[in-house]
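Order of the sequence lines fixes the chain letters, A, B, ..., with proteins taken first and strands second; residue numbering starts at 1 for each chain.
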Amino acid sequence: MKRTVLAGIAAAESRRRALLVVTRLTDGAQCLLDAETCEGELPLSAEQLTQARSFLDAGRSASLDGADALFARAYVPSPRLLIVGAVHIAQVLAPMATAVGFEVIVIDPRGAFASAERFPGVQLSAEWPDEALARLGLDAATALVALSHDPKLDDPALELALPAPLFYIGALGSRRTHEKRLERLRAAGLDALVGRIHSPIGLDLGGRSPAEIAVSILAEIIQVRYRRERA
Amino acid sequence: MSADTGSLFETLQQWRAAGRAAALATVVSTWGSSPRPEGSHLAVDEAGHFVGSVSGGCIEGAVIDAAAAVMASGRPQLLEFGVSDEQAWQVGLACGGRVQVFVEAVE
């Protein structure tokens, strides 16, 4: 693997861009492919290029057709988890989701909650949720959970999240709390979208502690992510 | 960072920046039940430190040995492990699958 190929993969990962690396297994020659360009010492035929681009779009790693022993490895942006509310559950959920491969950002304008002391090594945003979400962008590889229990934080986040292509939206709260939340969101004109919110949040594991609830939330996010991929 | 590679490529860059030789192993085909899908990576440095995985742990030792040879020669190798293979009984793919692993030196 050439230095430029290694640097290209590392750069694509840090910039959240999809990339495909095609390797000829007989000699290790490689090329890097993204939506626009194809660079490197390995030339591809038109058919191989078409198939490689389809693998890039699908995030699929597999051999290309033909007798050339070409293996294509897709690198796709990591899923992101945006946590609104730097609460106790968030303190457990953030490192767990990181371990599972999510890029995690905890959003809470209340400095006493979103402190580096309470969230060591976690990316924190002290912005209001609507500002943070507008800056971060809400793509299909992103999940959002509203955990603050405070409508001043949760509602603006949900109002932005519902029309966006996020793969998962969850909100913490009792059935009664959620009913009231739905009333407010409907009044804000989001009636057709409120069904997207997972609430009660998380798989029903029966746990009650903040850590147990974090496990059930993360389990549900993983389940929804792969269910959508399979569909 | 990708969900399935973590900071593996960052680690590779750090090893190379520190002047340590390194190799990258990739699962390029699987048959039957195999624990890690195509595209799974294992990175190895010259001292045998490794990150990532190409199996449930059963062939990592053999892959790390091959990686040392690849680092020394600079020539890539295509390894195959499976239950039909004499070698596989030694390194053991307990799951009964077969995998092909490509090992390349990192320049």
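The salt bridge (charged side-chain N to carboxylate O under 4.0 Å, His left out) pairs that include a residue from residues 51-60 of chain A number zero, where partners must be two or more places apart or lie in different chains.
Interface with chain A: from residues 19-27 of chain B, residues B/Leu24, B/Thr26, B/Val27 qualify, criterion being any non-hydrogen pair under 4.5 Å.
Partners of A/Asp27 by salt bridge (Lys or Arg N to Asp or Glu O under 4.0 Å), not counting sequence neighbours, listed by chain and number: A/Arg24. Here A/Glu127 pairs with A/Arg135 under the salt bridge (Lys or Arg N to Asp or Glu O under 4.0 Å) rule; sequence neighbours left out.
In this structure, the portions of A/Ala7 lying under 4.5 Å from any heavy atom of chain B include both its backbone and its side chain. Using a 4.5 Å cut-off between heavy atoms, A/Leu25 contacts chain B through both its backbone and its side chain.
Residues A/Asp68 and A/Gln48 form a side-chain contact, since some pair of their non-hydrogen atoms from C-beta on lies under 4.5 Å apart. Using a 4.5 Å cut-off on side-chain heavy atoms (C-beta onward), A/Leu147 and A/Leu93 make contact.
Between A/Tyr75 and B/Phe9, the ring planes are perpendicular. Angles over 60° get that label, and only those under 30° would be called parallel.
Between B/Glu60 and B/Ser55, the side chains place a donor N or O and an acceptor N or O closer than 3.5 Å (distance only, hydrogens not considered).
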